[in-house]
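A quick write-up on the structure given underneath.
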Amino acid sequence: MNSYLAARSTEGGHLSNQVAEALRAAREDAAENGTPAPSPVVGDLLTVLAAATPNASQGAVAVTPAAGVVGLHLLAGLPEKATMTCIEPEAALQAGAKEAVRNAGFSPSRVRFLTARPLEVMGRLANDAYQIVYADVSPVELRPLIEAAWPLLAPGGTLVLAGSLLDGTVADPTRRDRETEAAREADEFVDTLTAERGAAVARLPLDGGLTLITKIG
């Protein structure tokens with residue numbers, strides 16, 4: 001993160017005091033659990049993307065162990081009645097996310113928690129129903145997750161892949177380890193979406209490298 005962004009990034013500065021305080025607690029909880037969470041800058045980006053939701057019938061999906069942090073940023077931007085689905089196999093992490101939502105003052109009815117492996121349950125979600133899908137998964141799961149998430153997006157919806165560029169090592173031809181090869185394959189598949197299925201793609205040098213894939217039409 002450059003010095004300007006670091007200076008401008010103040011956690012929760014645009015949020016209500018209750019949400020900002022819950023967000024700070026969620027970050028502390030993630031740090032204690034050794035769970036990577038998006039930076040405040042990326043969190044703000046998620047809020048902006050969620051705020052672009054055209055109506056309350058289009059919600060969000062968060063596939064991440066840091067569902068408390070991600071979820072609060074998404075809920076802060078979504079329309080008042082829009083819902084969010086959090087998917088994470090660890091029950092303890094889901095419990096922490098539930099507490100974060102409660103502490104922030106959001107209605108429990110706005111969030112569905114699925115304690116399961118993402119690829120086992122994403123196929124049960126409604127197609128064309130979500131404005132944003134955020135995913136923080138291992139590189140070897142990136143491509144199958146993209147394939148599972150793509151049908152869920154409504155036209156104009158965005159899939160956000162956290163850490164997808166592995167801090168730039170995806171572009172290093174000397175790296176041939178399994179994780180880098182998997183991330184590289186997923187990145188090439190993103191280009192296929194652009195060419196064949198109507199997608200707009202942005203790769204941003206934020207956190208470990210953020211890939212945004214927006215469904216067109």
Practice item. With side chain to side chain contact (heavy atoms under 4.5 Å, CB included) as the test, would you mind laying out the steps for Asp191 and Val201 before giving the verdict? Key: CA-CA 8 Å; Asp191 289 334; Val201 177; 5.6 Å; no

Got a second to check how far [X]'s [atom1] is from [Y]'s [atom2], nearest 0.5 Å?
| X | Y | atom1 | atom2 | answer |
| --- | --- | --- | --- | --- |
| Asp187 | Thr180 | CG | OG1 | 12.0 Å |
| Asp177 | Thr169 | CG | OG1 | 7.0 Å |
| Glu179 | Glu141 | CD | CD | 10.5 Å |
| Leu46 | Leu75 | CG | CG | 11.5 Å |
| Leu193 | Leu159 | CG | CG | 8.5 Å |
| Leu78 | Gln131 | CG | CD | 8.5 Å |

Can you find a pair of side-chain heavy atoms, one from [X] and one from [Y], that are under 4.5 Å apart?
| X | Y | result |
| --- | --- | --- |
| Glu88 | Thr64 | no |
| Ile87 | Leu125 | yes |
| Arg112 | Thr83 | no |
| His73 | Val69 | yes |
| Trp150 | Val133 | no |
| Arg203 | Val190 | yes |
| Glu90 | Pro65 | no |
| Leu206 | Ser39 | no |

Practice item. Could you give me the CA-CA distance, side-chain angles and deciding distance for Leu161 and Leu210, then say whether side chain to side chain contact (heavy atoms under 4.5 Å, CB included) is met? Key: CA-CA 6 Å; Leu161 302 175; Leu210 206 65; over 6 Å; no

Look only at the side chain of [X] and the backbone of [Y], and say whether a donor-acceptor pair between them is shorter than 3.5 Å.
| X | Y | result |
| --- | --- | --- |
| Gln18 | Asn103 | yes |
| Thr214 | Gly156 | no |
| Lys215 | Leu153 | yes |
| Arg184 | Asp172 | yes |
| Asp136 | Ala37 | no |
| Arg110 | Glu80 | yes |

Shortest non-hydrogen contact between [X] and [Y], atoms and distance:
| X | Y | result |
| --- | --- | --- |
| Pro173 | Ala171 | CD-O, 3.2 Å |
| Leu166 | Ala183 | CD1-CB, 3.7 Å |
| Ala76 | Phe106 | N-CZ, 4.0 Å |
| Pro89 | Arg117 | CB-N, 4.2 Å |
| Pro118 | Val63 | CG-CG1, 3.4 Å |
| Asp29 | Gly96 | OD2-CA, 4.3 Å |

Review point. Are more than 12 heavy atoms from other residues, nucleotides or ligands located less than 6.0 Å from atom CG of Asn17?
Key: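 Counting neighbours around CG of Asn17, 12 or fewer heavy atoms of other residues, nucleotides or ligands fall under 6.0 Å, so no.
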
Flag yes if [X] and [Y] sit in one hydrophobic cluster, no otherwise; membership is Ile, Leu, Val, Met, Phe, Trp, Tyr, and two members link when side-chain heavy atoms are under 4.5 Å apart.
| X | Y | answer |
| --- | --- | --- |
| Val160 | Val42 | yes |
| Leu49 | Val19 | yes |
| Ile146 | Val70 | no |
| Leu145 | Val61 | yes |
| Phe189 | Leu212 | no |

Exercise for review: Using a strict cut-off of less than 4.0 Å between a Lys/Arg side-chain nitrogen and an Asp/Glu carboxylate oxygen, indicate whether Arg178 and Glu181 qualify as a salt bridge.
Suggested key: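 No, this pair does not count.
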
